[in-house]
4 protein chains.
Amino acid sequence: MSPETASVRGGRSRSVRTRERIVAAATAVFARRGLHGARVADIAEEAGIAYGLVYHHFRNKEEILAAIFQERWGRHLEYLEEVAASAAPVRDRLARLVHFWVENYRNDPHLMTVMINEISRSYEFIESHDVGTVMEAFAIVERMLRRAQDLGELRADLDCRLASYLVLGAAEMVLTGYVLGTLSHTAREDYAADERQLVAMLVDGICGT
Amino acid sequence: MSPETASVRGGRSRSVRTRERIVAAATAVFARRGLHGARVADIAEEAGIAYGLVYHHFRNKEEILAAIFQERWGRHLEYLEEVAASAAPVRDRLARLVHFWVENYRNDPHLMTVMINEISRSYEFIESHDVGTVMEAFAIVERMLRRAQDLGELRADLDCRLASYLVLGAAEMVLTGYVLGTLSHTAREDYAADERQLVAMLVDGICGT
Amino acid sequence: MSPETASVRGGRSRSVRTRERIVAAATAVFARRGLHGARVADIAEEAGIAYGLVYHHFRNKEEILAAIFQERWGRHLEYLEEVAASAAPVRDRLARLVHFWVENYRNDPHLMTVMINEISRSYEFIESHDVGTVMEAFAIVERMLRRAQDLGELRADLDCRLASYLVLGAAEMVLTGYVLGTLSHTAREDYAADERQLVAMLVDGICGT
Amino acid sequence: MSPETASVRGGRSRSVRTRERIVAAATAVFARRGLHGARVADIAEEAGIAYGLVYHHFRNKEEILAAIFQERWGRHLEYLEEVAASAAPVRDRLARLVHFWVENYRNDPHLMTVMINEISRSYEFIESHDVGTVMEAFAIVERMLRRAQDLGELRADLDCRLASYLVLGAAEMVLTGYVLGTLSHTAREDYAADERQLVAMLVDGICGT
DNA sequence: GATGAATGAGTCTTCATTCAT
DNA sequence: GATGAATGAAGACTCATTCAT
């Protein structure tokens, strides 16, 4: 096996793998301690690498968070867009969105914790980055609702902008409950029940049928 | 002049007034910079007092935030409790809650910004304080909904716990929109319209009548 | 004695005295190790104060050097200006300048070492500060020579600009010799002899009478 | 292809050429940023080679500067010695020295910048190397002057040691002016004029014939 | 109580140097 | 020899907190 073969083992250079280890380690540490509470030394230790190596890959701590954001938020938006654009009834599309968020939390709680606490809920992060990119999630949901409204699926006087805040606010708060442990479950079925309840409340309200 | 004489002047001692100036200054600075970004020096400057005087009144920076929390959150819960306990239909009670939150934001945006960003949205704060106290707001709303459910105002299979997350999540997200400026208004009427829309969506859902 | 009296004992506040101690300590440390070799910790230790206190008075290490520069260079230029403007023959005025430089070195070798090594001979310092201020010394000497030339004291075809480089270059190199110890003396008389020789060479050249 | 074959190509081995590229690159980078401001990475990039390869040729950064010094300063001294030893009148010999320095600057400003800023004007460099070697230039000029004095070309009471400081100080300051851009020219003729003026001032003084 | 000078631990950040490939 | 990822020591800088006046 030539050195070159070794260096691309698995199709990725050592440098790329190191970078990914840093991102993964930082996700865990940010989830545990928050951006401010996390020390670069913690991240390096978690990644099993030397202190200074972090700085070969990122200018500073904030840039690691920005990397997590860039690499994940984009995929998030793509999926939202895909669901929003589908032809299914709006109730089904909402169900798919809610399921996506809950599944994401269950698959990678650390990541979702960081997305919720340090990005989505962080005034500081949103301020210092492109507000537009963060708010794009709202815009996608709003467009989805507006199209449904045009098709008569939603009542005509609904303020779709505000409704997007309802949808994302409710979903985010439920995930926050999971993250904080105030609303956690162990059984898969419990999560499914939450999804059904949440969709029903969004679509028909708490009084509705 | 005895200390007592001084304390009688205007009904409050100088010490008490100083403490209040610190709390007010800290509220403004926390709103602007966040808990971590705020330096004690900034707070002292905003309050127009000397650096070290802050430490005659508070053990440390977090304690100032805790004071804001204790003094305001208590009143907040009292009002929630009062509304929740009233005999009005659940729709009206929800409307009063939503109006209360929006009005509070309009009266003191700095305070609401801190409540949202540093307390309600802060994993860190909630972790280090009594989670129960923060979550009490959810419990109050949940109890209110459960009573309405018992009275047949809400459908029987509604998960009231989850519904409280819907109500508070939606309200909090709308206020966050105000705070971030992504959903701000100038006219009083616009806020009133938001309130009506929000209540309608919560009660009847986005599809409902 | 009231606290106020104490705080201005000797006419200067504690803060001002601390600042002066830092400047004096930094001058000694810069002379010993150079700007880059000097650690802020060294300066604090030399001044007998805590590490962080340096940062209450100066933003960073470079700013201490800048303070030394500002506070001393100004006086230096004033004296040059005074001598340059006097009515004495140019030979006497040059003699006074040379004497001033040599005396300054003898009175405070540390300070002169810093002025020579870190300011006057430092490309880095000159680049990052106002070149004009540093070069003002040349301008003063040049104007002095030009006036002497107008009065017929100097030959008509002398390039006074270049002559100012001769005067300051020669003086600086002699002081550098003192600083480096390649041209040091112990007897006061030796310095006086150097002054006479230097003036004679500048005025009449190495071949002249 | 054997190593020897490779080393024969063009008369110099690849290793030697790499070393020269490093020295040339370092000269440019030192001129731009100074010894302290120059990072080894900058030098490697300028040389178009890999980071660590620098360390196959030099133990550390200072050693690169030392190499520049050794390889150039030696030739410099040789030329000074040659001129000093010639039989021409002292005025002509001084003129040749001055011309040599100015020409050197014009041919390779980067090199001269480094020689002036990092070697000749650097207390730090001189301290950490053989002061004697650096000062040899002064000794050569001093011996040249002393011989001229013995021949009656210079006045008997001239302090030749101090005169060497005059000559080298003046020359160095003029070159510094070129380097800093405070005394720069575009026309070749301007440099020639400077040389004539400088020699005249050194020989006959600023008042002299 | 009021002041703000003083303290120093905690971190970030840089970058020369090493070393496995 | 060549590469550049990895190391880690060194030191700058911040800022919450203490304390003498």
Side-chain angles (χ1 to χ4, degrees), chain A residues 1-7 13-19 36-44 47-62, chain B residues 3 6 13-15 18-19 36-44 49-62, chain C residues 1-7 9 13-19 36-44 47-62, chain D residues 3 6 13-15 18-19 36-44 49-63:
Chain A
M1 188 169 69
S2 75
E4 195 175 332
T5 308
S7 76
S13 72
R14 195 208 297 210
S15 178
V16 169
R17 270 180 288 128
T18 300
R19 191 193 146 94
H36 288 288
R39 285 165 300 183
V40 176
D42 295 334
I43 297 171
I49 60 169
Y51 200 103
L53 188 50
V54 173
Y55 288 91
H56 279 265
H57 294 274
F58 300 95
R59 219 189 308 283
N60 53 44
K61 206 165 58 164
E62 279 69 28
Chain B
S13 72
R14 192 188 196 185
S15 175
T18 300
R19 190 193 150 92
H36 286 287
R39 283 166 302 180
V40 176
D42 295 333
I43 296 170
I49 61 170
Y51 208 97
L53 187 51
V54 173
Y55 288 89
H56 283 273
H57 295 273
F58 299 94
R59 216 191 311 281
N60 55 46
K61 201 166 63 164
E62 278 70 28
Chain C
M1 189 170 71
S2 74
E4 196 176 330
T5 308
S7 76
R9 199 189 302 179
S13 72
R14 196 211 292 216
S15 179
V16 169
R17 270 180 287 129
T18 300
R19 190 193 149 95
H36 287 288
R39 284 166 301 182
V40 176
D42 295 334
I43 297 171
I49 59 169
Y51 196 104
L53 189 50
V54 173
Y55 288 90
H56 279 263
H57 294 274
F58 299 94
R59 220 188 309 282
N60 54 45
K61 207 165 59 165
E62 278 70 28
Chain D
S13 72
R14 190 189 198 188
S15 175
T18 300
R19 189 193 150 92
H36 286 287
R39 284 166 300 181
V40 176
D42 295 333
I43 297 170
I49 61 168
Y51 208 97
L53 187 51
V54 173
Y55 288 90
H56 284 273
H57 295 274
F58 299 95
R59 213 191 314 281
N60 53 44
K61 200 165 64 163
E62 278 70 27
E63 208 163 84

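These values consider heavy atoms only, across backbone and side chains, with no hydrogens, waters or symmetry-generated copies. Chain identifiers are assigned alphabetically (A, B, ...) following the order of the sequence lines, protein sequences preceding nucleic acid strands; residue numbering begins at 1 within each chain.
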Check your understanding: How close or far is atom P of F:dC15 from atom CZ of B:Arg39, stated in whole angstroms?
Key -> 5 Å

Check your understanding: Taking a pair as Watson-Crick or G-U wobble with both distances under 3.5 Å, which nucleotide is matched to E:dA20?
Key -> F:dT3

Review point. What is the distance from CD1 of A:Ile43 to C1' of E:dC12, rounded to the nearest Å?
Key: 12 Å

Exercise for review: Using heavy atoms to find the nearest nucleotide of DNA chain E for C:His57 and A:Leu53 separately, return the residue whose nucleotide is more 5′.
Suggested key: C:His57

Exercise for review: Give a yes/no on whether any side-chain N or O of D:Thr18 is located under 4.0 angstrom from OP1 or OP2 of F:dG1.
Suggested key: no

**Study point:** Close side-chain approach of A:Ser15 to A:His56, heavy-atom, < 4.5 Å
**Key:** no

Check your understanding: Taking atom P of E:dT13 as reference, at what distance in whole Å does atom CZ of A:Phe58 sit?
Key -> 14 Å

**Study point:** Whole-Å gap separating P (F:dG8) and CD1 (A:Ile49)
**Key:** 11 Å

**Study point:** Pairwise 5' ranking along DNA chain E for B:Val54 and D:Tyr51, keeping only the more 5' one
**Key:** B:Val54

Point to revise | Side-chain N or O of C:His56 closer than 4.0 Å to phosphate OP1/OP2 of E:dT7 | key: no

Review point. Rounded to the Å, how far apart are A:Glu62 CD and E:dT11 P?
Key: 15 Å

Review point. Given atom NE2 of B:His36 and atom C1' of F:dT14, what is their separation to the nearest angstrom?
Key: 15 Å

Review point. Distance check: side-chain N/O of A:Tyr55 vs OP1/OP2 of E:dT14, anything under 4.0 Å?
Key: no

**Study point:** Minimum side-chain heavy-atom gap C:Arg19-C:Val16 below 4.5 Å
**Key:** no

Check your understanding: With respect to the phosphate group of E:dA2, does any side-chain polar atom (N or O) of B:Arg14 fall under 4.0 Å of OP1 or OP2?
Key -> yes

